[in-house]
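Reviewing the structure listed below.
By convention here, the first residue in the shown sequence is residue 1.
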Amino acid sequence: MATPILYYWAPCAMCSVVVNYANEHGIELDKRDVEEVPPYEELLSLGGDANLIPYLYDEGQLIQGNDAIIAYLAAK
């Protein structure tokens, strides 16, 4: 089973909510900062918008926003 990928921006307060949730619940995430070119281009190729981070990519799904990501992780 692949580790879910979190597309985020390190200084983003919204993104830190998801990062903190994952850390508090022992959920491993492959964190990719969209300030770097390769993660930014990956996110765009998946149909995401770097202005609307955070995004979680898992099992072929691209999930946007704190509430949706946390609900998805909680259900897993």
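Rounding to the nearest 0.5 Å gives a distance of 8.0 Å between OG of Ser16 and CG of Asn66. We find the SG-CG distance between Cys12 and Asp33 to be 10.0 Å, quoted to the nearest 0.5 Å.
Under the 4.5 angstrom side-chain criterion for Ile, Leu, Val, Met, Phe, Trp and Tyr, Met14 has no cluster partners at all.
Linking Ile, Leu, Val, Met, Phe, Trp and Tyr whenever their side-chain heavy atoms come within less than 4.5 Å puts Ile27 and Tyr8 in one cluster. Leu29 and Leu46 are not part of a single hydrophobic cluster, where members link through side-chain heavy atoms under 4.5 Å apart. If you chain together hydrophobic residues whose side chains sit under 4.5 Å apart, Leu6 and Ile53 never meet in one group.
Gln64 contributes a side-chain N or O that, together with a main-chain N or O of Leu52, makes up a donor-acceptor pair within less than 3.5 Å.
Take Ala50 and apply the side chain to side chain contact (heavy atoms under 4.5 Å, CB included) test, not counting sequence neighbours, and it matches Val34, Tyr40, Leu43. Residues passing the ring pair (Phe, Tyr, Trp, His ring centres under 6.0 Å) test with Tyr21 are His25, sequence neighbours excluded. Legend: residues meeting side chain to side chain contact (heavy atoms under 4.5 Å, CB included) with Ala71, ordered by chain and number and at least two apart, are absent. Not counting sequence neighbours, the partners of Glu42 by the salt bridge (Lys or Arg N to Asp or Glu O under 4.0 Å) test are Arg32.
Closest approach of Lys31 and Val19 over heavy atoms only: CD-CG2, 4.0 Å.
For the side-chain contact (heavy atoms from CB on, under 4.5 Å) test with Pro4, the passing option among Asp58, Ile69, Ile63 is Asp58; the others fail.
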Task: Evaluation steps, side chain to side chain contact (heavy atoms under 4.5 Å, CB included), between Val18 and Leu56 - done: CA-CA 10 Å; Val18 173; Leu56 185 77; 5.9 Å; no
- [ ] Check the pair Ile70, Val17 against side chain to side chain contact (heavy atoms under 4.5 Å, CB included), reporting the backbone distance first and the verdict last.
- [x] CA-CA 9 Å; Ile70 290 172; Val17 172; 3.9 Å; yes
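Within the structure, ring pair (Phe, Tyr, Trp, His ring centres under 6.0 Å) contacts touching residues 50-76 (residues at least two apart or in different chains) do not occur.
Heavy-atom neighbours of Asp67 CG from other residues, nucleotides or ligands within 6.0 Å: at or below the threshold of 12.
Counting only heavy atoms from C-beta outward, the side chains of Glu36 and Glu41 never approach each other to under 4.5 Å.
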